[in-house]
Structure formats: structure tokens, C-alpha cells
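Position 1 is the first residue of the sequence; numbering continues from there.
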Amino acid sequence: MNEILSRYLPRIEFDSYEDFYDNYICSMPGNFNFAYDVVDEWARIQPYKLALLWTDDTEEMKSFTFAEMKRLSDKAANALISLGINKGDVVKLILKQRPGVWVLMCALSKIGAICIPGTYQLTAKDLEYRCNIADVKLLITVDDAEVLESILIARPNCQKLEKIAVIGKNIPEGYLDMQAEIQKASEVFEKVPTVTEDPMLIYFSSGTTGMPKMVIHNHSLPLGHIVTAKYWHNAEDNGVHLTQTDSGWAKFAWGKIYGQWICGAAIGAYDTEKFTPKGMLDAIQRLRPVTFCAPATVFRYLIKEDLSGYDFSFIKHTSVAGEPLSPEVYNKFKELTGLEIREGFGQSETSVMAAVFKWLPVKPGSMGKPAPLFDLKLLDDNGTLCDEGIVGNMSITRAGKNMYENITDKPEFMPPVIGNSGFPGLFRGYWRDKEVTQKAWNNGTYQTGDMAWRDDDGYLWFVGRNDDVIKCSGYRIGPFEVESALMEHPSVLECAVTAAPDSMRGQVVKATIVLARGYDASDELVKELQNHVKRVTAPYKYPRIVEFVQELPKTISGKIKRMDIRSKDMQPS
């Protein structure tokens with residue numbers, strides 16, 4: 001039995017989804033700290049257990065045991081303290097997938113500092129805003145030329161930023177060499193007391209309006225991700241799990257550190273500078289993951305490649321999150337590899353909220369059924385429960401029924417702004433913004449802003465963000481169903497469906513399309529695609545505007561940035 005996992009789950013195995021949903025319990029101690037209670041404990045119990053298997057575009061391979069991870073994180077914790085970082089201080093990391101990101105996230109957890117991961121796509125304006133609103137005291141970055149240029153521009157306007165440290169070979173004058181600081185630090189670390197409710201991690205979450213919000217998680221978040229890793233990713237003790245994402249995104253917390261290490265799996269890391277299908281396939285062959293998760297974009301590209309020369313026999317479970325996967329991509333990937341892709345759904349604010357858990361048959365295009373951590377419901381604009389087939393706002397009305405009663409040693413300290421009563425996997429509020437937090441938690445219900453409907457079997461089907469739903473001539477059209485229809489046409493490699501302003505209809509459906517190899521843009525192809533959508537789904541949903549592009553705007557994790565397309569279309573011509 002997994003000795004770490006069994007400390008928090010009185011029961012680990014379940015006979016069915018119903019058994020899992022009704023009887024899953026996670027105990028949450030009042031002083032849980034992932035770095036002490038998981039990383040250091042694995043180092044004590046099984047010091048040579050593999051923690052991290054790393055590769056990059058040069059095909060270099062590195063591996064780290066839990067004993068090495070403990071030693072390095074202890075040294076890094078001492079290095080951070082020597083740089084003036086203490087409990088409650090805020091540190092921003094821009095580290096791509098360098099091994100140092102795992103070391104430093106554990107080190108920050110050990111000293112009780114607050115970590116803000118960031119993507120290397122951040123501009124100088126982004127950095128200035130984030131550093132100032134969060135009072136960032138230390139910024140640790142890779143030696144990427146563009147990132148360093150943005151930091152150079154932003155730094156004079158970052159009021160509380162005291163020091164900048166760099167991991168890599170190119171250390172600008174005036175910046176600290178973080179590797180050297182860690183190397184010279186002592187391996188003997190004096191434990192800093194923390195409690196579960198201490199703030200641990202902040203993700204910036206952007207909406208369609210206003211500035212990004214700070215999503216604050218406490219030390220209970222890793223326990224929430226047991227469901228993510230064990231029952232959706234199906235991570236195995238001593239097996240390699242690979243989730244492809246940059247360290248700056250919440251998907252990293254979902255798939256590359258917390259739940260996986262609690263389950264005893266090793267993290268597989270492919271540290272790529274630019275995604276290519278061949279690079280991803282070659283990395284998979286080197287890392288040989290037992291379980292694999294990636295954004296839908298990765299699967300869309302992989303099915304267009306010749307997969308006949310690649311071995312997938314070592315992969316037992318495959319999953320997707322970040323955005324919905326069309327049935328066409330699911331069916332083609334299964335045809336080429338024999339693997340089913342199990343969808344999951346959640347946010348930066350949560351651990352997995354719904355998924356095609358291992359007991360459930362896959363319905364291509366569905367996000368599956370609710371996780372037991374949360375009491376997930378679909379509510380209409382009046383807060384009334386939606387019937388089957390009716391689109392509603394995915395809402396969390398309280399913790400799952402088994403959660404409250406199993407919180408042990410609840411501390412007296414609670415953050416000044418919280419959104420819930422203290423259970424794992426759900427954010428504590430939007431940091432330093434009580435008004436926005438209270439609005440999100442309307443009468444004790446967290447309204448996610450994501451719209452879905454439920455079928456007769458209890459499966460959930462994603463429609464879109466409430467601000468993504470297209471309102472055309474009185475119809476409400478979900479972009480995903482139109483995208484799924486377009487993806488069935490052989491000419492479409494990728495597409496994004498958005499609302500475009502229209503003087504007569506208010507909004508019309510627009511499709512922005514990347515064509516597959518061998519197809520050229522033409523008026524004839526536009527008509528063919530429009531007629532195809534009319535045949536596949538309701539005729540009123542067809543895209544009245546079709547634009548062909550070389551590539552879609554995306555985050556570094558591969559998620560399509562539909563907001564960028566909408567913003568461009570809103571600008572006067």
C-alpha cells in the first residue's frame with residue numbers, strides 16, 4: 001500500500017463511480033505542508049524513489065530521486081532565507097520546465113513563502129502589474145533573452161521588488177546567480193512551522209474584462225489534487241506521469257507536482273522551447289510515461305502525424321484538459337494508438353471538478369461526471385437547478401458531503417478573504433479583492449462562469465464560458481459544438497469559434513481556421529465548410545464569417561486564446 005496516500009485517504013480503492021462519489025473521504029490535517037509531509041517523507045521512507053525524469057529539445061536526460069529533491073529544496077530554502085525571504089513573503093518564478101522549478105516550489109513551501117508561477121510569455125507591462133499588486137519581493141527567472149528584456153523594462157516600476165535571481169548561464173550584471181546561491185547554502189535546514197490555512201500559491205486568472213485576478217490557494221491544494229492524479233490521470237506508484245504544460249500555468253499544479261507525488265508517481269518533464277509534434281513524440285519515447293495528459297491542441301497535432309513508427313505500448317491511460325476535445329480528434333487518436341482519451345474539467349481556482357473517471361465509459365466530447373470533492377450543480381440565472389438538457393452555470397454550492405466532517409485540527413488562523421470553509425482543492429478567494437471574492441461566492445455558491453448541460457446519464461457537456469456563448473438572433477450558441485463540427489472536415493487542422501459583432505443580429509458566429517496540409521483557402525472552401533456545419537449540427541449555428549490563418553493565438557500550454565480573436569474583431573476597421 002502507498003504509505004503516503006493512505007495517511008490522507010482512509011479508503012483508496014472503489015468498486016464503481018457511484019461508490020467513489022458516495023464514499024471518497026480525504027482527511028486534512030491542520031498543519032499539512034506538501035514539502036515536509038510528502039517530498040521529505042518519501043525521501044525518508046524510500047530515498048532512492050524516482051521523483052523527476054527530465055528531458056529537453058537536445059535530448060538531454062536528467063533524473064532526481066526524492067532524497068535529492070529533499071536535499072536540494074533544503075539548500076534552496078536556506079538560500080531563500082539568506083536572500084531575505086521569510087514566511088508570508090511573495091516570490092515570482094518564471095522557470096519554464098527547468099528542474100529548479102520543482103526544487104524552488106518545495107523550498108518556498110518549506111519556509112511558508114507565497115509562490116507565484118508565471119509564464120515566460122509575460123510582457124513588461126504584465127510583469128509590472130503582477131509584481132506591484134502582489135508585492136513581489138524576489139523574482140527568479142530563466143536566462144531567456146526576451147524574458148530578461150521584459151524584466152529590465154519593468155524593474156524600475158516594480159515598487160517592492162528587491163532582488164532578481166537567474167537560473168542559467170547568462171546572468172546579467174546586478175542579478176543573482178540562483179544556482180550559485182543554492183550550491184553554497186547549507187544542507188541543514190531548520191523547519192519553519194506552517195499551518196494548512198497559510199497562503200501557499202497564487203495564480204493570475206484573466207477574464208474578458210478588467211485586470212487579472214489573484215487566485216489564492218493554501219497548503220490544502222495538493223490534497224485536493226489526489227482526485228486529479230489518482231482517479232482521473234490514473235497515476236501509478238513508481239510509474240512516470242507526463243502532463244505537458246509550462247510551469248507558469250495552473251495545469252502544472254494539476255499534473256506535474258502535487259497529486260502525482262502524493263500517489264508515488266515520478267514526474268516526466270519535457271522542457272521544450274517551442275512545441276512541435278515530432279519533438280513531443282520523440283520526448284514521449286524517451287520518457288516512456290505510463291500515464292499521459294496534454295491540452296487538446298497537442299492531440300489535434302499528433303493525429304496529423306504519421307504515428308506508425310512510434311511506440312505507445314507503455315502508456316496505459318491518456319487524458320486531456322484545458323479545453324474540450326472534439327469527438328473527431330478522440331476517435332482518430334484511438335484509431336491510431338488504441339488509447340482512449342479521458343476528459344477532465346476544472347479551473348485555476350479548483351482541482352478537477354468533473355472527469356471521465358476510470359469506471360466510466362467514455363462519451364467522446366463529454367467532460368464526464370462530477371468529482372466527489374465538490375457539490376457541483378448546473379444553475380440558471382436565478383440560481384435554480386437546471387433539468388437535463390438545459391444549459392446552466394457550473395456552480396459549487398458547498399464541499400462534497402464527506403469533506404467538512406473530516407477536517408482535523410482546524411487552526412485558529414484563517415486568511416482575511418476566503419470563499420469557502422476550508423476543504424482541499426478549492427481556492428480561498430481572490431487575494432486582496434474582497435468585493436470580487438464575494439461576487440464570485442454569491443450567497444455561498446461559487447459560480448464558475450463555465451456553462452454546461454447534463455444528459456440523461458448524468459454526463460456533463462461543456463458549452464463555453466458565459467462570455468464565450470454566442471447570442472445570435474435570439475439563439476444561444478456554444479462555440480465548442482461548432483468547433484467539433486468543423487473538426488470533422490478533413491481540411492481543418494485547428495479552429496476557434498467566437499462571436500463577431502453584427503449590426504443586425506447583435507453577434508454572429510465566426511470561425512478562425514488553420515488548414516491542414518494540402519488545402520488552400522478559397523471562397524469555395526468557405527461555402528463547403530458552412531454547408532458541412534449545417535449538415536452536422538443545427539443549421540442556425542453555421543459560421544457566417546470564416547477566416548483562414550496560419551496559426552491561432554495560444555498560451556504557452558497550447559490553449560487557444562479566443563479572447564484575443566474577439567478583441568481584434570471588436571476594434572474599428
ask   = Under the criterion side chain to side chain contact (heavy atoms under 4.5 Å, CB included), which of E236, H225, E13 is the partner of K230?
value = E13
task = Go through the steps for H219 and N33 under the test side chain to side chain contact (heavy atoms under 4.5 Å, CB included), then give the verdict.
result = CA-CA 6 Å; H219 287 270; N33 184 303; 3.7 Å; yes
remark   = When every non-hydrogen atom of L373 is compared with those of G224, the smallest separation belongs to CD1-O, 3.3 Å
key: Electrostatic pair R342:E340 at N-O distance under 4.0 angstrom   = yes
message = Below 30° counts as parallel, above 60° as perpendicular, anything between as tilted: where do the rings of W359 and F14 land?
response = perpendicular
ask   = Under 30°, 30 to 60°, or over 60°: which ring-plane class applies to Y310 and F312, parallel, tilted or perpendicular?
value = tilted
F252 and W102 aromatic centres sub-6.0 Å = yes
key: H241 and H233 aromatic centres sub-6.0 Å   = yes
ask   = Less than 6.0 Å separating the ring centroids of W54 and Y270?
value = no
query = Should the heavy atoms of other residues, nucleotides or ligands under 6.0 Å from NZ of K316 be counted, would the total exceed 12?
reply = no
inquiry  = Taking the ring of F427 and the ring of Y430, is the distance between their centroids below 6.0 Å?
reply    = yes
task = Determine whether the aromatic ring centres of F299 and Y330 lie less than 6.0 Å apart.
result = no
query = How long is the span from the CG atom in D246 to the NZ atom in K96, to the nearest 0.5 Å?
reply = 8.5 Å
request  = Apply the test ring pair (Phe, Tyr, Trp, His ring centres under 6.0 Å) to residues F357 and W232: give CA-CA distance (whole Å), side-chain angles for both, the deciding distance (0.1 Å), then the verdict.
outcome  = CA-CA 5 Å; F357 295 106; W232 171 47; 8.1 Å; no
